[in-house]
There are 2 protein chains.
Amino acid sequence: MGLTKTEIFTEEQNRLAIMLKALAHPARIAILQQIINANACICGDLVDELGLAQATISQHLKELKTAGLIQGTIEGVSVCYCIEPRAWKLLSSQLDEFFSLYKEPANCC
Amino acid sequence: MGLTKTEIFTEEQNRLAIMLKALAHPARIAILQQIINANACICGDLVDELGLAQATISQHLKELKTAGLIQGTIEGVSVCYCIEPRAWKLLSSQLDEFFSLYKEPANCC
DNA sequence: AATATCAATCGTAATATTGCGATATATATG
DNA sequence: CATATATATCGCAATATTACGATTGATATT
């Protein structure tokens, strides 16, 4: 065990869970906020800004990139990271949809 | 290590990450969808509906309850679970705010 | 070519998560 | 009170996550 039973859930449920997992860490939230704020960031900026080791930041960036939420472009020695607009909008709207499923408390327990 | 460095992030970043973590599992997404769909659910219904053991569903319900996303009311032998409206709305608007930080691709990399 | 700079990857330790069987607890019902 | 029903909790095994030092790789700079 210790392994999520993906096969019993829908594609959508699994995809949403994966994206949310990518967001579900304060460092990654902070990284995204920094990237948005600065329009683009390189790894070193984030290392200075947050108080985490370079290896740790790099690993978080990789997770965000794997999820598709950010993209990285090589720019000389450094790599410029910014938001991936499509994935961002898609996730945003999927979450909107999910949260709007719930309408006001009817006659709950 | 293996421990998140909460102290270097803001209260908001940590709270949002905790709530997202509670959502970031297909079983918990499915549970919430079921609860919303049926207006309220008891643990047994969810065990039948999803294909997970009773102990597993109970544990997921506990996590959702700890996060404050659902509430449970004892109803005879069973416990009736439903959405906690305040937490739901709060998270929804916090996510709205977070996602709206990003405005269109300016002159990115 | 040698060196500096920046980021990715490897390896490792500590901790967390996932899932379930077994058991405990708590409330109905006969 | 004994039994059935429903849920929670315990304990465990398998796996995943988090963090970082050390190293590697790749591009500039001198």
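Proteins get letters first, then strands, A, B, ... in listed order; numbering begins at 1 in each.
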Q.
Across nucleotides 24-30 of chain C, 5' to 3', mark each nucleotide with B, S or - according to how protein heavy atoms within less than 4.0 Å reach it.
A. ---SS--
Q) Looking at the side chain of B:L52, which of C:dC20, C:dA16, C:dA8 is the nearest nucleotide? A) C:dC20
(Q) Checking contacts here: which listed nucleotide (D:dA19, C:dC6, D:dT7) is nearest the side-chain heavy atoms of B:V79? (A) D:dT7
Q: Measure the shortest side-chain to side-chain distance between B:V79 and B:L61 over non-hydrogen atoms and say whether it is less than 4.5 angstrom.
A: no
Q | Distance, rounded to the nearest Å, where B:L3 contributes CG and C:dA16 contributes C1' | A | 10 Å
Q: Choose from C:dA16, C:dG19, C:dA7 the nucleotide whose nearest atom is closest to any side-chain atom of A:Q54.
A: C:dA7
Q | Residue from A:L64, A:I57, A:I70, A:L69 passing side-chain contact (heavy atoms from CB on, under 4.5 Å) with A:R28 | A | A:L64
Q: Map A:G51 and A:K21 onto DNA chain D by nearest heavy atom, then report which one ends up closer to the 5' terminus.
A: A:K21
Q: Kindly state which residues belonging to residues 25-35 of chain B come within less than 4.0 angstrom of DNA chain C, counting heavy atoms of the residue only, listed by number.
A: B:H25, B:R28
Q.
Please verify the inter-ring angle class for A:H25 with A:H60; under 30° counts as parallel, over 60° as perpendicular, anything in between as tilted.
A. tilted
Q: Answer with base, sugar-phosphate or nothing: what part of the nucleic acid does B:A53 contact at a heavy-atom distance below 4.0 Å?
A: sugar-phosphate
Q: Take atom CG of B:L50 and atom P of C:dC20, then tell me their distance rounded to the nearest Å.
A: 11 Å
Q.
With heavy-atom distances below 4.5 Å as the criterion, would you say the side chains of A:L50 and A:T56 are in contact?
A. no
Q: Look at the side chain of B:Y81 and decide which nucleotide, out of D:dC20, D:dT7, C:dA16, has an atom nearest to it.
A: D:dT7
Q. Looking across every strand, which nucleic acid part, if any, lies under 4.0 Å from B:T56 by heavy atom: base, sugar-phosphate, or nothing?
A. base
Q.
Any non-hydrogen side-chain atom of B:L16 less than 4.5 Å from a side-chain atom of B:L95?
A. yes
Q) If you count the non-hydrogen atoms of other residues, nucleotides and ligands that lie under 6.0 Å from CD in A:E11, is the total more than 12? A) no
(Q) If the condition is side chain to side chain contact (heavy atoms under 4.5 Å, CB included), which residues does A:E97 pass it with, not counting sequence neighbours? (A) none
Q: Provide, to the nearest angstrom, the distance between the CD1 atom belonging to A:I42 and the C1' atom belonging to D:dA26.
A: 15 Å
Q. For residues 67-95 of chain B, which residue pairs qualify under ring pair (Phe, Tyr, Trp, His ring centres under 6.0 Å), counting only residues two or more places apart or in two chains?
A. A:F98-B:W88, A:F99-B:W88, A:Y102-B:W88
Q. Is the closest side-chain heavy-atom distance between B:E12 and B:Q94 below 4.5 Å?
A. yes
**Q.** Residues in contact with DNA chain D, drawn from residues 57-71 of chain A - heavy-atom cutoff 4.0 Å
**A.** A:Q59, A:H60, A:E63
Q: With sequence neighbours left out, write down each residue that passes salt bridge (Lys or Arg N to Asp or Glu O under 4.0 Å) with B:K65, or none if nothing qualifies.
A: none
(Q) Judged by each residue's nearest nucleotide on DNA chain C, which is more toward the 5′ side, A:V47 or A:T4? (A) A:V47
Q: Would you confirm whether B:S58, through its side chain, and B:Q54, through its main-chain N or O, come within 3.5 Å as a donor-acceptor pair?
A: no
